[in-house]
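Input: a single structure, listed below in structure tokens.
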Amino acid sequence: MPDFVPDHTADVYVYVQLADFLVDEIRAGRPPAGGRFLGEDEMVGEYGVSLTTVRRALAVLRDRGVVRTVPVKGTFVIGPPPADDGAQSG
């Protein structure tokens, strides 16, 4: 999995950067449609961001209709977003 490096000097919030990164991963098939993301705590360790950042990024993806979260089970990919999904907004 490619590395996510948050840019704290960017004009875009880190949670939006992470959401955009995860969209790119989904478009690359990592994870595929129907596949499960890492758990929130695992994402904190994997991406070096706070739990709040992970939760906000996943909320963005849910709002975009890209993922669904099932309590206790995890967050699953519904499918890739359309090309004009509003990336870099927030």
Side-chain angles (χ1 to χ4, degrees):
M1 180 173 269
D3 291 329
F4 170 74
V5 179
D7 182 355
H8 296 282
T9 64
D11 291 336
V12 178
Y13 292 113
V14 173
Y15 76 92
V16 176
Q17 293 175 40
L18 180 58
D20 291 341
F21 173 81
L22 294 173
V23 165
D24 289 343
E25 290 295 289
I26 291 167
R27 286 188 174 130
R30 301 180 299 258
R36 182 182 172 277
F37 271 112
L38 296 172
E40 291 177 347
D41 290 335
E42 295 169 303
M43 292 177 97
V44 166
E46 179 74 23
Y47 302 125
V49 296
S50 71
L51 183 58
T52 300
T53 297
V54 168
R55 288 181 174 166
R56 289 184 81 180
L58 291 175
V60 168
L61 296 184
R62 281 192 299 275
D63 290 346
R64 292 182 187 175
V66 176
V67 301
R68 65 183 170 86
T69 300
V70 179
V72 183
K73 299 281 186 182
T75 300
F76 299 86
V77 175
I78 294 171
D84 61 348
D85 68 344
Q88 294 292 327
S89 65

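Counting from 1, the numbers follow the sequence of the chain as shown. Values below: all heavy atoms of this structure, side chains included; hydrogens, waters and symmetry mates excluded.
- Atom CD of E42 sits about 10.0 Å away from atom OH of Y47, to the nearest 0.5 Å.
- Residues V67 and V77 approach most closely at CG1-CA, 4.2 Å, considering heavy atoms.
- Ion pairing between R64 and D20 holds under the 4.0 Å rule for side-chain N and carboxylate O.
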Query raised in the report: Can you list the steps and then say if K73 with F76 is a side-chain contact (heavy atoms from CB on, under 4.5 Å)?
Result: CA-CA 9 Å; K73 299 281 186 182; F76 299 86; 4.0 Å; yes

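- Summarising the geometry of L51 relative to E40, their closest heavy-atom pair is CD1-CB, 3.7 Å, with the distance given to 0.1 Å.
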Report task. Test side-chain contact (heavy atoms from CB on, under 4.5 Å) on R36 and T75 and set out the steps. Result -> CA-CA 6 Å; R36 182 182 172 277; T75 300; over 6 Å; no

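- Between S50 and V44, the closest heavy-atom pair is C-CG2, 3.9 Å.
- The minimum heavy-atom distance linking G79 with A33 is given by the pair CA-CB, 4.4 Å.
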Requested in this report: For side-chain contact (heavy atoms from CB on, under 4.5 Å), just list the numbers for M43 and L58, CA-CA rounded to whole Å, side-chain angles, deciding distance to a tenth of an Å, and then say yes or no.
Outcome: CA-CA 11 Å; M43 292 177 97; L58 291 175; 4.3 Å; yes

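- Between D24 atom CG and R30 atom CZ the span is 9.0 Å, to the nearest 0.5 Å.
- F21 and F4 have tilted rings, their planes meeting at an angle from 30° to 60° on a 0 to 90° scale.
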Report task. Take L22 and L61 through the side-chain contact (heavy atoms from CB on, under 4.5 Å) test and state the conclusion after the steps. Result -> CA-CA 8 Å; L22 294 173; L61 296 184; 3.8 Å; yes

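- For the residue pair R62 / T69, a side-chain donor-acceptor distance below 3.5 Å is found, with atom types taken as modelled.
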